[in-house]
S.K.: 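If you scroll down you'll find the structure; I have some questions about it.
Fair warning: this is a prediction, and the values are worked out from it, not measured in the lab. First listed ligand is number 1; within each ligand, the first listed atom is number 1. The basis for the numbers below is simple: all heavy atoms, side chains too, and nothing from hydrogens, waters or symmetry mates.
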Amino acid sequence: MAYKLYYLDLRARGEPVRWLLKVLVQAYTEERISVFTQWPQRKKDFEFEVTPVLEVEGQQLHQTTVICRYLGQRHDLTSHDLWTRTRQEEVMEALHDVSNIVSTAFIARVRGDDAMAKGDAEKVKVKLAVVIRNIETRITEQGWILAAEMTWVDVCVAAYLDIYEEILGQDLLTGHPRTAALLKNVRSLPQISAWISERPGWTKFEDPEGLF
Ligand SMILES: N[C@@H](CCC(=O)N[C@@H](CS)C(=O)NCC(=O)O)C(=O)O
């Protein structure tokens, strides 16, 4: 049974789902919906009127963390202790708080509100530093977030860090060696390094040039 992913023509919240499907070696197709030209007509096709959506056996599954948790648990790339799993997911949601500000920055830029866009971009840097500090303290000696082996949370966190390193620069993880090593290890997985070399570049909406 192949999955179908629906997402905008962005990296953003699509990238953790894509990375996870690839690491899990799951067959999937993706429909990339142009945020500028197609999304207004397609919005109503989705039950919660947002993406990402993963179609599973004909049903729509929404919410990035819910989708990733489902995939991780279904294909057994998960910790089995409830408290550990819960604390790992805390990191995911902290990253989503930052993503929300990134999207308001991009939307402000589209609207021509440069002051708001720049203000949000500064907030992203401050909030992300706090999240990265917490990720660093949760990475075990084996190199994974609160686990001895890689889980779906590591894959998704790496997908977001990959985006942030491109947006904010190579110094992002300086002083956080465990986090840098986690990102390097996930990027080095064959499916992920292949995806990084073949994936589309930034579309105009999320091109960080000049904003951060
Ligand atoms: N909490 C949701 C947020 C979903 C969301 O806001 N998705 C954005 C793209 S990242 C979207 O579809 N925006 C279009 C719209 O709201 O019309 C998740 O994590 O999936």
Side-chain angles (χ1 to χ4, degrees), residues 3-24 26 28-56 59-74 77-78 85-111 113 116-117 120-121 123-124 127-128 131 135 145 151-168 195 199-208 211-212:
Y3 294 108
K4 181 158 184 183
L5 173 64
Y6 296 88
Y7 192 58
L8 307 174
D9 54 349
L10 306 174
R11 293 191 190 168
R13 285 174 200 245
E15 209 59 4
V17 185
R18 296 179 187 117
W19 282 37
L20 189 53
L21 284 161
K22 288 172 193 301
V23 169
L24 293 170
Q26 291 304 305
Y28 77 99
T29 54
E30 175 173 353
E31 184 178 339
R32 284 170 67 87
I33 302 166
S34 162
V35 67
F36 286 124
T37 63
Q38 296 174 311
W39 177 245
Q41 297 79 46
R42 297 299 312 282
K43 189 174 169 69
K44 297 277 181 208
D45 293 344
F46 303 102
E47 289 163 9
F48 288 86
E49 302 187 11
V50 288
T51 56
V53 169
L54 187 70
E55 196 175 278
V56 184
Q59 291 194 295
Q60 293 186 0
L61 187 63
H62 288 72
Q63 296 295 339
T64 314
T65 301
V66 173
I67 292 168
C68 295
R69 182 195 304 125
Y70 169 77
L71 288 170
Q73 293 187 358
R74 179 169 186 186
L77 194 68
T78 184
R85 281 201 318 238
T86 304
R87 297 273 286 160
Q88 289 164 338
E89 285 181 30
E90 203 181 10
V91 174
M92 247 331 243
E93 291 314 279
L95 280 169
H96 280 147
D97 289 348
V98 181
S99 316
N100 290 340
I101 310 172
V102 175
S103 38
T104 59
F106 288 144
I107 290 166
R109 181 174 62 178
V110 169
R111 291 189 177 139
D113 188 342
M116 184 173 168
D120 282 344
K123 277 189 216 159
V124 166
K127 279 209 160 256
L128 188 60
V131 180
I135 293 173
I145 298 170
T151 71
W152 66 266
V153 175
D154 297 304
V155 177
C156 296
V157 165
Y160 280 129
L161 292 173
D162 173 77
I163 292 174
Y164 284 120
E165 201 182 62
E166 257 196 71
I167 289 180
L168 297 172
W195 170 240
R199 69 184 167 184
W202 302 114
T203 53
K204 193 168 172 240
F205 178 79
E206 66 175 351
D207 188 338
L211 185 52
F212 290 91

S.K.: Distance under 4.0 Å to a non-hydrogen atom of W39: what atoms of ligand 1 satisfy this?
M.R.: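 In order of numbering, the contacting atoms are 14 (C), 15 (C), 17 (O).
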S.K.: Is it true that atom NZ of K4 has more than 12 heavy atoms of other residues, nucleotides or ligands lying nearer than 6.0 Å?
M.R.: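 Yes - once you tally the heavy atoms of other residues, nucleotides and ligands closer than 6.0 Å, there are more than 12.
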S.K.: Atoms of ligand 1 less than 4.0 Å from P52 heavy atoms?
M.R.: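 Answer, ordered by atom number: 20 (O).
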S.K.: At a 4.0 Å threshold, what atoms of ligand 1 neighbour a non-hydrogen atom of L8?
M.R.: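 Counting atoms of ligand 1 from 1, those under 4.0 Å from L8 are 9 (C).
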S.K.: Can you tell me if F48 contacts ligand 1 (heavy atom of the residue under 4.0 Å from the ligand)?
M.R.: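 Outside the 4.0 Å threshold, so no.
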S.K.: Taking only non-hydrogen atoms of R13, do any sit less than 4.0 angstrom from ligand 1?
M.R.: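 The answer is yes: ligand 1 sits under 4.0 Å from a heavy atom of R13.
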S.K.: Nearest heavy atom to atom 9 (C) of ligand 1: which of L10, T51, I67, V35 does it belong to?
M.R.: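 Answer by nearest heavy atom: T51.
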S.K.: Between Q63 and ligand 1, does any nitrogen or oxygen pair lie at a separation below 3.5 Å?
M.R.: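 For ligand 1, there is an N or O atom that lies under 3.5 Å from one belonging to Q63.
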S.K.: Please determine, by modelled atom types, if T65 and E89 share a side-chain donor-acceptor pair under 3.5 angstrom.
M.R.: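 The criterion, which ignores hydrogens and geometry beyond distance, is not satisfied for E89 and T65.
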S.K.: Report the part of F46 (side chain from C-beta onward, or backbone N, CA, C, O) that has a heavy atom under 4.0 Å from ligand 1; answer both or neither where that applies.
M.R.: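 None of F46 does.
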S.K.: Please state which protein non-hydrogen atom is closest to atom 10 (S) of ligand 1 and give its distance, to 0.1 Å?
M.R.: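 It is Y7 OH, 3.1 Å.
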S.K.: Among R42, E31, E55, which residue satisfies the side-chain hydrogen bond (donor to acceptor under 3.5 Å, both in side chains) criterion with Y6?
M.R.: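 Only match with Y6 under side-chain hydrogen bond (donor to acceptor under 3.5 Å, both in side chains): E55.
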S.K.: Please walk me through it: do E166 and R199 pass salt bridge (Lys or Arg N to Asp or Glu O under 4.0 Å)?
M.R.: CA-CA 14 Å; E166 257 196 71; R199 69 184 167 184; 3.5 Å; yes
S.K.: Does NZ or CZ of R11 lie under 6.0 Å from the centre of the six-membered ring of W202, at an angle within 45° of the ring axis?
M.R.: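 Output yes; distance and angle both within limits.
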S.K.: If you compare all heavy atoms of Q88 against all heavy atoms of T151, which two are closest, and at what distance to 0.1 Å?
M.R.: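 Looking at all heavy atoms of both residues, the closest pair is NE2-CG2, 4.0 Å.
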S.K.: With sequence neighbours excluded, what pairs up with Y160 under the ring-ring contact (aromatic ring centres under 6.0 Å, His included) test?
M.R.: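 Only H96 meet the ring-ring contact (aromatic ring centres under 6.0 Å, His included) criterion with Y160.
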S.K.: Under 4.0 Å from a heavy atom of K43: which atoms of ligand 1 are those, numbered in the order shown and with their elements?
M.R.: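 Ligand 1 atoms under the 4.0 Å threshold to K43: 15 (C), 16 (O), 17 (O).
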S.K.: Going by heavy-atom distance to atom 20 (O) of ligand 1, choose the closest among V17, V50, I33, T64.
M.R.: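 Result: the heavy atom closest to atom 20 (O) of ligand 1 is in T64.
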S.K.: Considering the options V153, V155, D154, which one meets the side chain to side chain contact (heavy atoms under 4.5 Å, CB included) requirement together with V157?
M.R.: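 Testing each of V153, V155, D154 against V157, the sole residue satisfying side chain to side chain contact (heavy atoms under 4.5 Å, CB included) is V153.
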